[in-house]
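Inspection log for the structure reproduced underneath, given as structure tokens.
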Amino acid sequence: AAGCTNHRLALVDAREALPLLVGLGELDALYAFFPDPWWKRRQRKKRLIERSFVALVARLLKPGGVLLVKTDVEGYADWAEAEMRAVSGLRVTRLEDPKAGLPPTQRERRCGIHGRPTWAVEAVRLNGVEIIVSPRDDDDDDDEPEQEEQEQEREREEEQADRDSGAISGDEAHRSEDENRGVSSD
């Protein structure tokens, strides 16, 4: 990011830090690349992409500003899209190009090696539309534990295949896992 002056990096909870760092209507874009899907039902409250966070980001975005979420978990893409659609004032689209016109992340490259798909969901802030959050129905949170277990097992197998093939070292795999959890080794 040499020479770039319009960005910020903070190793903090975005839900708490964003309102302190950015004023209403000042944000051009927020990218959430491969946020933790928090598989278990009791953990879902920890998910980054949920209605109150989407509403917060919508208020911080300039008209035309973008919230972009990328994931390699289709169920999380479905979740993120539904959570975004629950907030008025946003035009929500599941993008046909999961790269969203951006350079691939390390995670996307690894998914490509294994032929694993990725998804991108984009929300664009509309001009002059009030931000209103739809209430959640109890039925919105249907749990699919079997699919979650299969997804986690597939991820473990891919990581092991990467280590076995030499595509990534054990240290890189742990670093990659830490990055996905938001842990920094620096």
Side-chain angles (χ1 to χ4, degrees), residues 1-15 17-19 21-38 46-51 53-87 89-127 131 151 154-155 158-159 162 167-168 172-186:
C4 190
T5 60
N6 65 347
H7 67 281
R8 295 179 180 152
L9 175 65
L11 297 176
V12 296
D13 187 330
R15 293 168 285 215
L18 275 174
L21 297 172
V22 182
L24 297 176
E26 292 183 352
L27 191 62
D28 289 310
L30 187 134
Y31 299 155
F33 294 154
F34 303 90
D36 194 322
W38 292 104
K46 297 179 182 182
R47 286 181 170 179
L48 176 63
I49 304 303
E50 50 79 32
R51 291 167 199 216
F53 180 72
V54 172
L56 167 66
V57 172
R59 290 182 183 99
L60 298 175
L61 287 172
K62 294 177 179 177
V66 174
L67 168 59
L68 176 68
V69 178
K70 291 180 165 189
T71 182
D72 58 346
V73 178
E74 186 174 19
Y76 194 80
D78 296 340
W79 167 274
E81 184 175 2
E83 293 298 287
M84 290 174 174
R85 289 187 187 283
V87 177
L90 298 171
R91 183 183 67 241
V92 179
T93 308
R94 176 86 61 112
L95 301 178
E96 288 185 30
D97 172 16
K99 290 184 177 76
L102 298 170
T105 64
Q106 179 181 1
R107 181 78 171 230
E108 284 171 301
R109 286 191 295 273
R110 198 169 79 205
C111 287
I113 289 170
H114 295 288
R116 187 172 182 185
T118 60
W119 292 267
V121 183
E122 176 184 79
V124 177
R125 176 70 163 99
L126 301 174
N127 193 15
I131 303 299
E151 190 73 31
R154 185 171 75 178
E155 224 170 86
E158 286 177 6
E159 297 251 340
D162 281 342
I168 61 173
E172 288 173 327
H174 290 294
R175 236 187 343 266
S176 168
E177 291 168 6
D178 287 346
E179 288 169 1
N180 291 331
R181 290 192 308 268
V183 175
S184 174
S185 58
D186 297 330

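Computed from a predicted structure; not experimentally measured.
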A side-chain contact here means heavy atoms from C-beta on lying under 4.5 Å apart; do [X] and [Y] qualify?
{"X": "Arg110", "Y": "Asp72", "value": "no"}
{"X": "Arg47", "Y": "Tyr76", "value": "yes"}
{"X": "Asp36", "Y": "Leu48", "value": "no"}
{"X": "Thr118", "Y": "Lys70", "value": "no"}
{"X": "Val73", "Y": "Trp79", "value": "no"}
{"X": "Thr71", "Y": "Pro37", "value": "no"}

Do you know the tightest heavy-atom contact between [X] and [Y]?
{"X": "Val12", "Y": "Ala17", "answer": "CG2-CB, 3.2 Å"}
{"X": "Ala58", "Y": "Val87", "answer": "CB-CG1, 4.4 Å"}
{"X": "Leu61", "Y": "Leu67", "answer": "CD1-N, 4.1 Å"}
{"X": "Ala14", "Y": "Pro19", "answer": "O-CD, 4.3 Å"}
{"X": "Val66", "Y": "Glu122", "answer": "CG1-CG, 3.7 Å"}
{"X": "Lys46", "Y": "Arg15", "answer": "O-NH1, 3.2 Å"}

For Asn127, what residues pass the side-chain hydrogen bond (donor to acceptor under 3.5 Å, both in side chains) criterion, not counting sequence neighbours?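 side-chain hydrogen bond (donor to acceptor under 3.5 Å, both in side chains) list for Asn127, sorted by chain: empty.
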Give a yes or no answer on whether the side chain of Arg51 reaches the backbone of Glu83 with a donor-acceptor pair at less than 3.5 Å.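 Pair absent, no side-chain N/O of Arg51 close to backbone of Glu83.
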How long is the straight-line distance from CZ of Arg59 back to CD1 of Ile131, given to the nearest 0.5 Å?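 Here the rounded value is 6.5 Å.
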Residues two or more places apart in sequence or in another chain: which of them pass side-chain contact (heavy atoms from CB on, under 4.5 Å) with Arg94?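 In terms of side-chain contact (heavy atoms from CB on, under 4.5 Å), with neighbours along the sequence ignored, Arg94 is linked to Ala77, Asp78, Glu81, Trp119, Val121.
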What donor-acceptor contacts under 3.5 angstrom involve side-chain atoms of residues 21-35, with partners at least two apart or in another chain?
residue, atom, partner, partner atom, Å
Glu26, OE1, Gly23, N, 2.9
Asp28, OD1, Lys62, NZ, 3.0

Taking only distance into account, with no hydrogens and no angle test, what donor-acceptor pairs under 3.5 Å do side-chain atoms of residues 96-105 form with protein atoms, sequence neighbours excluded?
residue, atom, partner, partner atom, Å
Asp97, OD1, Lys99, N, 3.0
Asp97, OD2, Gly101, N, 3.3
Thr105, OG1, Arg107, N, 3.4
Thr105, OG1, Glu108, N, 3.1
Thr105, OG1, Glu108, OE1, 3.3

Applying salt bridge (Lys or Arg N to Asp or Glu O under 4.0 Å), name anything that partners Arg91, two or more places apart in sequence or on another chain.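 With neighbours one apart ignored, the set is empty.
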Listed by chain and number, what are the salt bridge (Lys or Arg N to Asp or Glu O under 4.0 Å) partners of Arg109, not counting sequence neighbours?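 For Arg109, no residue satisfies salt bridge (Lys or Arg N to Asp or Glu O under 4.0 Å) once neighbours in sequence are set aside.
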